[in-house]
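Note sheet for the following structure.
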There are 2 protein chains.
Amino acid sequence: MRFFARGTGRVELDVVKVGDCVKLMNDLPEGSVDMIFADPPYNLQLAGDLVRPDHSKVDAVDDDWDKFDSFKIYDRFTREWLRAARRILKDNGTLWVIGSYHNIFRVGTSLQDLDYWILNDVIWRKSNPMPNFRGRRFTNAHETMIWAVKDKDARYTFNYEAMKALNDDLQMRSDWLIPICTGHERLRDDEGEKAHPTQKPEALLHRIILSSTKPGEVVLDPFFGSGTTGAVARRLGRHFIGLEREDTYARLARKRVSKVKPVDDVNLVDTPSKREQPRIPFGWLVERGLLEPGTMLYGPGRRFNAKVRADGTLITRDFKGSIHQVGAHVQGAPACNGWQFWNINVEGKLMPIDVLRQKLRSEMN
Amino acid sequence: MRFFARGTGRVELDVVKVGDCVKLMNDLPEGSVDMIFADPPYNLQLAGDLVRPDHSKVDAVDDDWDKFDSFKIYDRFTREWLRAARRILKDNGTLWVIGSYHNIFRVGTSLQDLDYWILNDVIWRKSNPMPNFRGRRFTNAHETMIWAVKDKDARYTFNYEAMKALNDDLQMRSDWLIPICTGHERLRDDEGEKAHPTQKPEALLHRIILSSTKPGEVVLDPFFGSGTTGAVARRLGRHFIGLEREDTYARLARKRVSKVKPVDDVNLVDTPSKREQPRIPFGWLVERGLLEPGTMLYGPGRRFNAKVRADGTLITRDFKGSIHQVGAHVQGAPACNGWQFWNINVEGKLMPIDVLRQKLRSEMN
DNA sequence: GACTTTTGTGAATCATAGG
DNA sequence: GCCTATGATTCACAAAAGT
């Protein structure tokens with residue numbers, strides 16, 4: 001099923017289009033998307049092979065799409081797609097760009113020169129980065145994202161309460177600790193090799209989309225790649241438009257996105273309330289994919305149940321709040337430790353959600 | 001007491017000079033400093049006052065020195081001081097610059113345009129940042145530093161072992177958690193107000209100077225401010241040159257630095273690298289009688305073996321060559337560090353031949 | 001089946017002395 | 001400047017393999 005955005009002519013939604021992203025953006029009506037997430041080529045300029053101490057070869061990015069002859073050419077490319085993005089972005093929409101020190105300074109400068117107004121730079125701290133094999137530099141353990149609006153006075157969306165709930169009731173900071181994409185989440189080709197060299201983790205897009213869009217809004221990704229943006233947008237009840245140069249990746253992404261089940265209830269992904277959270281915020285279980293939004297939780301003996309929302313709160317028929325508050329409410333008790341009260345259904349058996357917390361804790365040390 | 005750097009004419013060391021940093025740098029001889037740390041104005045572009053939830057006023061940076069009329073003017077200023085810095089920096093010296101999203105993209109772009117080669121971008125994560133009072137953005141909890149050399153092929157200093165030791169024997173990452181400067185460390189004026197609006201913590205400079213300079217080298221800071229760079233350089237047995245536009249700050253910094261006692265023992269501030277230890281050819285072990293010709297060497301788990309020849313080569317059934325070549329050959333690997341691969345049999349146990357090298361090294365000292 | 005050990009790998013601007 | 005020989009160097013996590 002295809003959707004068309006209202007009030008902007010006919011803009012096909014939830015599709016992956018193949019072609020040059022600047023041309024494809026120029027075909028869209030002015031002010032037709034609410035948010036843009038862009039993961040442009042990083043222009044790595046690598047020389048020669050890198051070998052690990054055990055003599056295995058590092059499978060680095062050496063694709064043609066990452067090759068530029070000079071900074072001048074990279075700058076021209078950057079300004080072109082940023083200008084096209086600016087036109088199709090609504091006046092109160094926001095733009096996210098991710099990059100590394102190879103390209104992010106060019107991107108930031110271009111943004112400012114094109115009169116975008118930077119709201120934050122946000123650091124993705126990788127919990128499991130590739131080490132520096134030669135011992136000649138600091139381990140490159142982060143990437144930088146820039147969050148910007150079209151104009152200094154734009155009235156953009158920032159779901160402050162959702163971000164606070166996701167961070168143990170503390171303001172969300174500009175440094176985010178999130179693992180790189182590995183394991184089941186990493187898409188593989190028929191030979192079992194990584195299908196895309198730079199697939200981003202869903203947890204990263206979860207936080208980005210939840211922070212700066214509302215349900216039903218349109219997220220565009222001009223460098224769609226493996227389609228992480230589309231998969232997360234769909235799961236969170238947002239629409240997406242994916243633009244991708246290579247047909248192989250576009251097909252891969254379409255297949256991936258089609259498997260994602262959107263949350264059926266908009267309340268699960270809408271503006272959350274300000275609530276108390278445990279020390280490991282419950283929302284992190286959702287963000288990190290240990291729990292899907294919409295998962296049913298059960299009280300002891302299945303006498304009670306509640307549904308998980310994307311921001312880490314629960315909802316029942318007549319009440320919503322933290323795992324503790326909802327647990328207390330359904331029992332009519334003054335207080336409740338939600339971590340011990342709530343369970344998930346695993347092959348017919350109940351398992352306390354605290355097990356998931358412990359799992360996450362051990363993963364994060 | 002004043003020092004003068006050797007071999008560069010008369011360069012006065014451990015002094016704070018007052019004036020325009022570009023002019024002062026142009027007065028110094030070419031290639032006269034080993035490292036530059038720069039904390040330039042951030043060009044914050046603040047509008048109006050910021051008020052806390054309790055209605056107290058935030059004491060923000062609103063000094064004249066942080067005012068620029070446009071990005072164009074800021075870029076010109078940046079390129080001027082970066083060009084002057086490049087001239088006085090030794091070919092194998094490195095440059096550190098710190099900034100926030102307001103200016104760091106301009107700085108990074110200018111660096112690349114002036115042919116500096118970026119080694120890392122390093123994130124200073126503040127453990128105690130100022131919160132975002134308005135709840136309209138992510139808490140601005142970090143600043144960005146860029147570490148660069150003059151040329152891609154420069155042979156710069158990186159004290160890998162010192163950094164690893166400082167990080168619990170794990171490689172030092174590109175994200176550093178360090179508190180902002182408060183308490184006793186924060187310089188106060190006679191009224192008890194902070195004496196400088198952007199005083200950097202000594203812990204930050206400690207890590208920077210320790211990572212990329214050797215004892216006795218010269219660190220220059222073109223925006224000296226409260227003199228953190230000088231204080232830490234002096235304590236770590238390095239020389240400094242401070243340049244500062246405002247006489248008030250220069251006087252403050254001189255007073256601060258003069259109170260610092262340098263470490264008396266150079267061994268306390270120098271972590272020698274394995275790379276810098278004298279090279280010991282394997283044959284010397286045979287020559288000096290630590291290994292007899294004919295001794296059998298074993299690979300890990302005794303899966304391989306080879307015999308020592310009198311000239312310091314090894315021989316197996318079908319191949320002979322250096323410890324590295326034979327190690328690579330028996331494994332079918334492209335390369336091998338023979339010092340770590342080969343072992344001798346000592347009372348039934350395997351002992352790496354590297355132990356013998358260390359023994360010989362200590363005997364030669 | 002539970003537990004331990006080994007192996008694989010990820011956006012990386014990753015060496016240097018001496019002939 | 002180029003080529004060759006030597007030799008310095010890895011963290012977190014997951015999956016597979018082994019006990």
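Below, chains carry the letters A, B, ... as their sequence lines are ordered, and counting in each starts from 1.
No contact: B:Asp354 has no heavy atom under 4.0 Å from any strand. Here A:Lys57 lies out of heavy-atom contact (under 4.0 Å) with every strand. A:Thr139 comes within 4.0 angstrom of no nucleic acid atom, judged by non-hydrogen atoms across all strands. Using a 4.0 Å heavy-atom cutoff across all strands shown, A:Asp49 reaches at least one base atom of the nucleic acid. In this structure, A:Thr198 reaches the bases: a heavy-atom distance under 4.0 Å links it to at least one base atom across the strands shown. In this structure, A:Pro40 reaches the bases: a heavy-atom distance under 4.0 Å links it to at least one base atom across the strands shown. As judged by a 4.0 angstrom heavy-atom cut-off over every strand, B:Lys152 is placed among residues making no nucleic acid contact. A:Gly225 comes within 4.0 angstrom of no nucleic acid atom, judged by non-hydrogen atoms across all strands. Residue contacts shown for B:Trp117 include a base, since a base heavy atom lies under 4.0 Å away. Among the heavy atoms of the strands lying under 4.0 Å from B:Gln171 are primed sugar atoms or P, OP1, OP2 only; no base atom is included.
With distances taken from any side-chain atom of A:Asp66 to the nucleotides C:dA12, C:dA11, D:dT6, the minimum falls on C:dA11. Side chain of A:Pro53, nearest nucleotide from C:dA11, D:dA8, D:dT9: D:dT9. With C:dA11, C:dC14, D:dA8 as the choices, the nucleotide that has an atom nearest any side-chain atom of A:Leu50 turns out to be C:dC14. Here the nucleotide nearest the side chain of A:Val58, chosen from C:dA12, D:dG7, C:dA17, is C:dA12. Listed candidates were D:dA8, C:dG10, D:dC13. Nearest to the side chain of A:Asp59 is C:dG10. In the set C:dA11, C:dA12, C:dG10, the nucleotide with an atom closest to the side chain of A:His102 is C:dA12. Distance from the side chain of B:Glu161 is smallest to D:dT9 among C:dA12, D:dT6, D:dT9. Which of C:dT9, D:dC11, C:dA11 sits closest to the side chain of A:Arg186 comes down to C:dA11. Considering only side-chain atoms of B:Arg357, the nucleotide from C:dA11, C:dG10, D:dA8 that sits closest is D:dA8.
Contact check, B:Arg155 against C:dA17: a side-chain N or O comes under 4.0 Å of OP1 or OP2. Remark: B:Tyr160 is in phosphate contact with D:dT10, judged by side-chain N or O atoms under 4.0 Å from OP1 or OP2. Of the side-chain N and O atoms in B:Asn337, one or more sit less than 4.0 angstrom from OP1 or OP2 of D:dA8. An OP1 or OP2 oxygen of D:dA5 is reached within less than 4.0 angstrom by no side-chain nitrogen or oxygen of B:Gln325.
Ionic pairing of A:Asp54 and A:Arg52 is not present here: no N-O contact between side-chain nitrogen and carboxylate oxygen is shorter than 4.0 angstrom. Salt-bridge check for A:Asp247 with A:Arg251: passed, with a basic side-chain N closer than 4.0 Å to an acidic carboxylate O.
Residue order along DNA chain C, read from the 5' end via each residue's closest nucleotide, puts A:Ile180 first among A:Ile180 and B:Gln112. When the nearest nucleotides of DNA chain C are assigned to A:Glu193 and B:Leu119 by heavy-atom distance, the more 5′-ward of the two goes with A:Glu193.
For an aromatic pair to be called close, the ring centres must be under 6.0 Å apart, and A:Tyr74 with A:Phe77 satisfies this.
A:Lys200 contributes a side-chain N or O that, together with a main-chain N or O of A:Thr198, makes up a donor-acceptor pair within less than 3.5 Å.
Of the inter-residue distances, the one linking B:Tyr298 atom OH with B:Ile344 atom CD1 reads 10.5 Å to the nearest 0.5 angstrom.
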